[in-house]
Amino acid sequence: QVHLVESGGGLVQPGGSLSVSCAASGFTFDYYDIGWFRQAPGKEREGVSCISSSDGSTYYADSVKGRFTISRDNAKNTVYLQMHSLKPEDTAVYYCATKLTTAQAMGVVGTCEYDYWGQGTQVTVSS
């Protein structure tokens with residue numbers, strides 16, 4: 001059974017740092033692009049970052065470029081999102097996502113399409 005499990009969210013002060021993780025199981029992780037999107041209450045879903053399976057190339061939304069870093073450890077079937085210089089507007093539930101089927105994608109982050117995502121982890125940036 002396929003699982004994407006996000007963890008590492010929490011409360012952090014503005015300007016602080018936090019790292020969230022996405023642990024995958026049930027599929028051949030190495031072959032799949034993995035993306036992160038976020039959703040704040042009352043706001044539309046926003047693509048944040050994505051990392052390619054083929055060459056490790058990355059994408060960042062303009063809103064997080066220079067502050068967030070995505071990485072993957074294929075040996076651990078895990079993708080990480082390191083977040084620095086956090087702002088209150090980064091507050092959201094963060095989801096990791098991938099595309100597991102050949103059906104039309106349900107969303108896209110950069111060049112990473114997705115049709116499956118985890119339960120999310122809450123990140124709150126507040127003093």
Side-chain angles (χ1 to χ4, degrees):
Q1 192 170 0
V2 173
H3 290 289
L4 290 173
V5 180
E6 302 91 339
S7 62
L11 174 64
V12 62
Q13 292 189 341
S17 298
L18 199 64
S19 181
V20 292
S21 302
C22 171
S25 60
F27 62 101
T28 309
F29 179 80
D30 305 27
Y31 295 164
Y32 290 83
D33 301 342
I34 303 291
W36 286 93
F37 67 87
R38 65 188 181 185
Q39 189 158 25
K43 294 190 176 180
E44 291 193 358
R45 191 181 298 175
E46 178 189 12
V48 174
S49 183
C50 168
I51 186 163
S52 165
S53 62
S54 57
D55 60 3
S57 58
T58 57
Y59 159 87
Y60 298 97
D62 288 343
S63 58
V64 306
K65 201 172 292 183
R67 300 188 297 121
F68 288 15
T69 301
I70 190 171
S71 61
R72 64 189 297 159
D73 184 338
N74 289 341
K76 295 183 178 180
N77 286 5
T78 300
V79 170
Y80 306 96
L81 186 68
Q82 294 178 305
M83 304 179 289
H84 301 287
S85 301
L86 283 162
K87 306 175 182 180
E89 51 263 44
D90 294 317
T91 296
V93 179
Y94 284 70
Y95 301 87
C96 64
T98 191
K99 192 169 188 300
L100 298 175
T101 74
T102 57
Q104 184 173 356
M106 297 182 71
V108 61
V109 180
T111 58
C112 297
E113 295 181 326
Y114 62 86
D115 58 10
Y116 186 89
W117 53 93
Q119 84 290 346
T121 186
Q122 175 70 48
V123 172
T124 302
V125 184
S126 175
S127 55

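Below, each value reflects all heavy atoms present in this structure, side chains not excepted, and no hydrogens, waters or symmetry copies. Just so it is clear, the structure is predicted and the values come from calculations on it, not from any experiment.
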- Message: Hydrophobic clustering (ILVMFWY, side-chain heavy atoms < 4.5 Å, transitive) - are Leu4 and Leu81 grouped together?
- Response: yes
- Task: Measure up the Phe29 and Phe27 rings against each other and bin them: parallel (under 30°), tilted (30 to 60°), perpendicular (over 60°).
- Result: tilted
- disulfide (SG to SG under 2.5 Å) contacts in which one or both residues fall within residues 70-107, not counting sequence neighbours: Cys22-Cys96
- Query: Would a distance-only check, ignoring hydrogens and angles, find a side-chain to backbone donor-acceptor pair under 3.5 Å from Tyr116 to Val2?
  - Reply: yes
- Indicate yes or no for a side-chain donor-acceptor contact from Gln119 to the backbone of Val5 under 3.5 Å, with no hydrogens or angles considered. no
- Does a side-chain heavy-atom distance below 4.5 Å link Ser7 with Thr121? no
- Message: Please give me the minimum heavy-atom distance between Ala61 and Gly47, naming the atom from each residue.
- Response: CB-O, 3.3 Å
- If you take all heavy atoms of Ala40 and Ala92, which pair is closest and at what distance? N-CB, 3.9 Å
- Task: Spell out, yes or no, whether Val123 and Ile34 are grouped together once hydrophobic residues are joined by side-chain heavy atoms under 4.5 Å, including indirect joins.
- Result: yes
- Query: If two hydrophobic side chains count as joined below 4.5 Å and joins carry through other members, does Val64 share a cluster with Val125?
  - Reply: yes
- Do the ring planes of Phe37 and Trp117 sit parallel (below 30°), tilted (30 to 60°) or perpendicular (above 60°)? perpendicular
- Does the side-chain hydrogen bond (donor to acceptor under 3.5 Å, both in side chains) test come out yes or no for Ser126 and Thr124, once each step is laid out? CA-CA 6 Å; Ser126 175; Thr124 302; over 6 Å; no
- Query: Any sub-3.5 Å donor-acceptor pair from Thr98's side-chain atoms to Tyr114's backbone N or O?
  - Reply: no
- Message: Test: side-chain hydrogen bond (donor to acceptor under 3.5 Å, both in side chains). Region: residues 74-83. Which pairs qualify, not counting sequence neighbours?
- Response: Arg72-Asn74
- Message: If I compare all heavy atoms of Leu18 with all of Gly10, which pair ends up nearest, and what's the gap?
- Response: CD2-N, 3.7 Å
- Task: Identify, with sequence neighbours excluded, every residue that meets side chain to side chain donor-acceptor pair (under 3.5 Å) alongside His3.
- Result: none
- Out of curiosity, does Val20 fall in the hydrophobic cluster containing Val79 (side-chain heavy atoms, cut-off under 4.5 Å, transitive links)? yes
- Listed once per pair and sorted, the salt bridge (Lys or Arg N to Asp or Glu O under 4.0 Å) pairs that draw on residues 87-109, sequence neighbours left out: Arg38-Asp90, Arg67-Asp90
- Straight-line distance of Phe68 CZ to Ser85 OG, nearest 0.5 Å: 9.5 Å
- Note on the structure: Those residues at least two apart in sequence (or on a different chain) that pass salt bridge (charged side-chain N to carboxylate O under 4.0 Å, His left out) with Asp55 are none
- Minimum-distance pair of heavy atoms, taken over all atoms of Glu6 and Gly118: OE2-CA, 3.2 Å
- Honestly curious: do Ile70 and Tyr59 fall in one hydrophobic cluster under the side-chain, below-4.5 Å linking rule? no
- Atom pair OG/CE of Ser19 and Met83 - distance to nearest 0.5 Å: 7.0 Å
- Item | Pairs satisfying disulfide (SG to SG under 2.5 Å), at least one member in residues 97-127, at least two apart | Cys50-Cys112
- Task: Check whether any side-chain N or O of Asp115 sits under 3.5 Å from a backbone N or O of Thr101 as a donor-acceptor pair, and report yes or no.
- Result: yes
- Message: If you compare all heavy atoms of Tyr60 against all heavy atoms of Thr69, which two are closest, and at what distance to 0.1 Å?
- Response: OH-CA, 3.4 Å
- Query: Taking C-beta and beyond as the side chain, do Thr91 and Gln122 meet within less than 4.5 Å on heavy atoms?
  - Reply: yes
